[in-house]
Amino acid sequence: MYLEIVNRIRTAIASHIRLAYGVEVKVLTERPPRLEMGEVASPVCFELAKRLKKAPRVIAQEIVGSIGMIDGVARLEVAGGGYLNAFLDRGLFFVAALLAAGREERAIGADSAKTIVEHTAINPNKAAHIGHLRNAVLGDSFSRILRYAGERVEVQNYIDNTGVQVADVVLGFLHLEKKSIEEVRRLSEAEKFDYYCWDLYARVTVFLEEDKKRLDLRADVLKKMEEGHGIEAEMAELISVAIVRCHLRTMDRLGIDYDLLPRESEILHLKFWDAAFAMLKEREAIRLATSGKNAGCWVMPLTEAASGGEAAADASEDRDGEQDVKIIVRSTGTVTYVGKDIAFHLWKFGLLERDFYYRPFYKHPSGREAWITSGTSGDAHSSGNTPEFGHASSVYNVIDVRQAYPQQVVAAGLRAGGFDSQADHLKHLAYDRVVLTPRCAAELGYEIPAEDAKKQYVEISGRKGQGVKADDLIDKLMEATRREVDSRHPESSAVEREENARRIAVGALRYFLLKFTRGTIIAFDFEDALSFEGETGPYCLYAIVRARSIWRKEFERSGEAESAGAEISAETANRFLSSPDGDSIWDLILTAGSLGSQIETAIAVQEPAFLAKYAFQLAQAFNLFYHKHRILSEEDAAKKAFLLLVTSLVERQLVAALQLLGIEAPKEM
RNA sequence: GCGCCCGUAGCUCAGUUGGAUAGAGCGUCUGCCUUCUAAGCAGAGGGUCGGGAGUUCGAAUCUCCCCGGGCGCGCCA
């Protein structure tokens with residue numbers, strides 16, 4: 001609602017200025033620092049002052065005197081050195097907000113352009129840890145936000161099933177544990193196979209470090225996996241598929257779904273690279289280096305845009321007189337990681353003349369089907385209702401910030417191929433790491449090497465088997481919320497208590513990971529993550545539960561099933577909103593009506609943390625209201641109805657905001 | 001060496017198109033449950049926004065320099 005009225009004010013002021021002064025300006029607006037100064041302010045007269053060579057305050061007065069009525073605005077005033085401050089018609093705003101609440105989600109147009117969000121992408125060789133959760137929660141929340149805004153979103157979870165990490169676990173089973181394929185199969189069917197591999201992977205790391213010659217073993221395993229035959233390939237397939245299922249189960253606990261799991265093995269076997277190679281050659285995006293240090297390699301020239309430490313444009317000829325390039329095909333004829341990634345991204349945008357085969361793989365509890373890529377048509381789903389994957393017009397990749405450089409190279413690859421628009425719509429949703437506080441690392445019993453001891457935090461390392469496993473953390477949170485729920489509501493059924501505890505635990509965890517902006521390193525600590533007070537998910541949920549409790553009691557008392565007379569006129573609302581305690585209620589309504597504008601900002605800067613902050617602020621404002629007004633015992637029937645409607649508005653907006661973060665309210669707390 | 005990010009209250013962090021008196025949570029201290037759920041609320045205390053210069057009517061925000069910290073720059077993935 002706020003968004004709509006702000007746009008109306010901007011338009012009105014801009015067109016008035018055009019008419020009155022013949023000047024075209026962009027009218028910016030902001031929220032004034034205090035409510036006495038109105039709800040929308042514009043500093044546009046400061047800008048105008050320069051152009052018109054007149055004092056800003058004088059211009060502001062002229063505008064206020066001549067602009068006339070703006071729909072929904074009660075009055076416009078001059079403030080400070082020349083601000084234009086708008087005071088909204090509170091009653092009208094409230095009525096409109098009530099009408100819109102819960103209906104703001106935009107329908108997804110069937111023909112609207114598709115957006116791919118890739119997230120999670122955990123190497124399928126070990127259990128997921130807290131760092132992976134940050135990625136998945138960020139990606140899932142961002143996908144929900146885009147969908148809410150009306151975008152057609154396809155969520156992909158890329159599976160690197162032919163990489164070094166899987167190879168190491170295969171190596172572990174073959175050379176450390178001397179297991180047969182059947183033995184591994186049996187192990188992989190066990191509940192915590194991902195935990196088993198977590199430990200094995202760490203042991204392999206030690207094994208390889210003890211004697212560097214053992215790296216030959218890894219190279220051999222890797223080669224056979226890539227070629228797709230031998231016991232190595234068979235075991236890699238077995239392990240990676242089983243671990244992916246473990247990851248999906250873990251993510252299910254947090255309500256995270258996927259549409260497609262594209263696998264590296266299919267990119268290799270279906271020769272995506274060959275198609276991309278031909279295209280890039282033809283478009284002269286890459287060339288064969290015939291001399292110098294890169295002789296025999298196919299390289300891609302890097303422009304300033306893809307500089308990850310490269311010189312700027314004017315210095316792109318470095319001291320050797322050679323242009324900065326990125327090697328795409330090695331002199332041995334094998335393609336590099338970025339090369340494969342460029343091919344994959346050509347596919348994502350529907351630019352590659354090649355496609356995967358697909359089959360249904362996993363049904364999420366939500367009902368959504370996660371499909372997986374398949375290498376042969378025989379294996380693939382043939383019923384004819386395979387969804388169309390890929391062909392995106394925008395792609396968001398949720399990847400740790402340390403991958404910023406390779407991501408830029410991929411975009412540069414698209415650009416070099418002449419796909420500028422696609423490159424512009426390839427966005428790296430970068431976020432920084434989750435690390436452990438020294439206290440947390442000590443609690444987990446990790447030995448910290450002397451050279452790291454003076455650092456302020458401890459790095460998570462799957463390779464070393466060091467980190468908080470996702471399922472362990474969720475278990476711990478469940479335990480804590482269960483304890484609370486059991487002691488607070490012993491009268492509820494076990495099933496109900498379990499579900500309530502689950503929602504609170506998920507809310508706590510997801511909120512904890514989302515309250516930090518993407519660029520912040522999260523120093524993980526059990527004490528913070530297990531906190532349910534203050535700026536936390538449970539705090540936000542508590543506000544919803546309280547709001548609903550008021551309505552429930554009201555229904556119980558009145559015996560009405562629905563809020564029968566849930567209507568109010570703008571005049572009546574204005575009467576209460578102009579009363580002495582009207583300002584604080586108005587502040588609450590205004591916040592509740594600002595969800596749309598918050599979503600817009602969150603999308604513009606790709607920052608779900610904005611919505612987390614918003615949800616908290618709304619909950620906070622509601623708690624204030626809750627303590628100030630005894631709603632059910634309110635004698636004035638009209639005022640009681642008004643207060644109930646305010647409660648209802650806030651409840652719906654808070655539910656909507658939290659839903660975008662993947663957080664659901666429990667029945668009771 | 002080159003590039004990117006960060007430095008805001010005791011601690012953890014918001015403050016993202018430059019805007020009015022820089023905010024929140026935690027922690028500390030003081031109060032509030034015969035009342036719609038105290039996972040809550042009220043109050044107190046807490047700041048050279050790393051330092052300096054510049055641009056601007058206006059800078060935590062933009063530019064430059066310096067200090068401190070992190071990360072990235074492979075014929076690895």
Side-chain angles (χ1 to χ4, degrees), chain A residues 26 28 30 32-34 37 41-43 46 49-50 55-56 79-83 85 123 160 162-165 222 264 293-299 307-312 315 318 326-334 336-338 340-341 400-406 408 430 432-433 435 455-457 481 484-485 488-489 504 508 515-517 519-523 525 527-528 531-539 541-543 545-547 549-554 557 601 604-607 609-610 612-613 616-617 620 623-624 626-634 643 647 668-669:
Chain A
K26 185 156 191 235
L28 301 176
E30 63 199 52
R34 289 187 312 282
M37 303 161 105
S42 178
F46 297 110
K50 275 185 265 186
Y83 281 95
N85 287 11
N123 273 298
D160 182 6
T162 55
V164 177
Q165 297 213 17
L222 203 51
E264 168 120 322
K293 57 181 179 181
N294 299 326
C297 298
W298 284 87
V299 300
S307 63
E310 311 300 334
D318 62 16
K326 184 79 196 167
I327 290 165
I328 303 297
V329 180
R330 304 180 187 104
S331 54
T332 57
T334 55
T336 61
Y337 159 77
V338 258
K340 279 182 279 191
D341 216 21
D400 155 8
V401 70
R402 288 174 295 183
Q403 302 268 358
Y405 175 56
Q408 282 174 337
D432 216 321
R433 293 150 296 153
V435 298
K455 286 197 173 181
Q456 36 214 335
Y457 49 74
T481 53
E484 288 295 322
V485 168
R488 287 163 197 248
H489 299 282
I504 297 164
K515 70 193 259 193
F516 300 96
T517 49
T520 302
I521 295 176
I522 300 181
D525 197 295
E527 194 174 305
D528 295 335
S531 158
F532 303 144
E533 284 163 24
E535 194 185 345
T536 65
Y539 177 97
L541 293 175
Y542 195 57
V545 170
R546 278 176 146 181
S549 167
I550 294 174
W551 273 101
R552 195 186 57 243
K553 290 258 159 89
E554 171 62 13
R557 187 171 307 188
T601 315
V605 298
Q606 296 146 39
E607 189 55 276
F610 279 23
K613 186 64 87 181
F616 173 66
Q617 281 163 352
Q620 215 175 19
N623 275 327
L624 183 67
Y626 180 89
H627 281 272
K628 212 163 170 179
H629 305 278
R630 290 287 103 81
I631 299 172
L632 293 181
S633 54
E634 174 60 52
L643 295 175
T647 302
E668 56 192 10
M669 286 183 81

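Numbered from 1 within each chain, the chains take letters A, B, ... in sequence-line order.
RNA chain B is contacted by both Gly519(A) and Val485(A); Gly519(A) maps to the nucleotide lying nearer its 5′ end (nearest heavy atom per residue).
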Evaluate side chain to side chain contact (heavy atoms under 4.5 Å, CB included) for Arg546(A) paired with Asn623(A), printing each intermediate quantity in order.
CA-CA 9 Å; Arg546(A) 278 176 146 181; Asn623(A) 275 327; 2.6 Å; yes
Determine, stepwise, if the pair Asp160(A) / Gln165(A) fulfils side chain to side chain contact (heavy atoms under 4.5 Å, CB included).
CA-CA 9 Å; Asp160(A) 182 6; Gln165(A) 297 213 17; over 6 Å; no
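A syn orientation is assigned to rC33(B), its glycosidic angle lying within 90° of 0.
Taking a pair to require two hydrogen-bonding distances under 3.5 Å in either a Watson-Crick or a G-U wobble arrangement, rA14(B) remains unpaired. The partner of rG31(B), taking Watson-Crick or G-U wobble pairs whose two distances both stay under 3.5 Å, is rC41(B). Within the shown strands, nothing qualifies as a pairing partner of rG58(B) under the Watson-Crick or G-U definition with both distances less than 3.5 Å. rG7(B) and rC67(B) make up a base pair, with Watson-Crick or G-U wobble contacts both under 3.5 Å. Figure legend. rC36(B) is base-paired to no nucleotide; pairs are counted as Watson-Crick or G-U wobble with both atom distances under 3.5 Å. In this structure rC2(B) sits in a base pair with rG72(B), meeting the Watson-Crick or G-U test at under 3.5 Å.
Between Phe616(A) and Tyr539(A), the two ring planes are tilted [angle within 30° to 60°].
Within 4.0 Å of Val545(A), counting heavy atoms only, lies at least one base atom of the nucleic acid. Backbone-only contact: Tyr539(A) has heavy atoms under 4.0 Å from sugar-phosphate atoms and none from a base. At a threshold of 4.0 angstrom between heavy atoms, the contacts of Asp160(A) are confined to the sugar-phosphate backbone, with no base atom among them. Backbone-only engagement by Leu624(A) is indicated by non-hydrogen atom pairs under 4.0 Å involving sugar-phosphate atoms exclusively. Within 4.0 Å of Glu607(A), counting heavy atoms only, lies at least one base atom of the nucleic acid. Within the nucleic acid shown, Arg433(A) comes within 4.0 Å of sugar-phosphate atoms alone, with no base atom in reach, counting heavy atoms only.
Separating the NZ atom of Lys50(A) from the P atom of rU56(B) is a distance of 9 Å, rounded to the nearest angstrom. Rounded to whole Å, atom C1' of rG40(B) lies 16 Å from atom CZ of Phe532(A). We find that CD of Gln408(A) is positioned 12 Å from P of rC73(B), with the value rounded to whole Å. The nearest whole Å value for the distance from the CD1 atom in Ile328(A) to the P atom in rA77(B) is 11 Å. Taking atom CD on Glu668(A) and atom P on rU37(B), their separation rounds to 11 Å, with Å as the unit. Glu264(A) places its CD atom 8 Å from the C1' atom of rA77(B), with the value rounded to the nearest Å. Protein atom CZ of Phe516(A) is 15 Å distant from nucleotide atom P of rC11(B), rounded to whole Å. Arg552(A) has its CZ atom 9 Å from the C1' atom of rU37(B), to the nearest Å.
With hydrogens and angles disregarded, no donor-acceptor distance shorter than 3.5 Å links the side chain of Thr336(A) to the backbone of Val329(A). Using modelled atom types, no side-chain atom of Ser549(A) and backbone atom of Val545(A) make a donor-acceptor pair closer than 3.5 Å. A distance-only check finds a donor-acceptor pair linking the side chain of Lys515(A) to the backbone of Glu535(A) [under 3.5 Å].
Inter-residue side-chain proximity for Glu634(A) and His629(A) is flagged as unmet; no heavy-atom pair is nearer than 4.5 Å. Side-chain contact between Thr481(A) and Phe532(A): present, with at least one pair of heavy atoms (C-beta onward) separated by less than 4.5 Å. A heavy-atom distance below 4.5 Å is not found between the side chains of Gln456(A) and Val435(A). Between Arg433(A) and Arg402(A), some side-chain heavy-atom pair lies under the 4.5 Å cut-off.
Atom CD of Glu668(A) sits about 11.5 Å away from atom OH of Tyr542(A), to the nearest 0.5 Å.
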Polar atom pairs between nucleotides 74-76 of chain B and protein, under 3.5 Å, N or O only, would you list them?
from, atom 1, to, atom 2, distance (Å)
rC75(B), O3', Arg330(A), NE, 3.0
rC75(B), O2, Ser331(A), N, 3.1
rC75(B), O2, Ser331(A), OG, 2.9
rC75(B), N3, Ser331(A), OG, 2.7
rC75(B), N4, Lys293(A), O, 3.2
rC76(B), OP2, Arg330(A), NE, 2.6
rC76(B), OP2, Arg330(A), NH2, 3.3
rC76(B), O3', Arg330(A), NH2, 3.2

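Between rC71(B), rU16(B), rA39(B), one nucleotide has an atom nearer to the side chain of Thr517(A) than all others, and that is rU16(B).
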Using a 4.0 Å heavy-atom cut-off to protein, can you give one letter per nucleotide of nucleotides 30-36 of chain B, 5' to 3': B if the base is in contact, S if only the sugar-phosphate is, - if neither?
-----BB
Report, as a single string ordered 5' to 3', how protein heavy atoms within less than 4.0 Å touch nucleotides 18-28 of chain B: B base, S sugar-phosphate only, - not at all.
-BBB--SSS--
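Taking only side-chain nitrogens and oxygens, Asn623(A) never comes nearer than 4.0 Å to OP1 or OP2 of rG40(B). Under 4.0 angstrom from either OP1 or OP2 of rC5(B) there lies no side-chain N or O belonging to Thr520(A).
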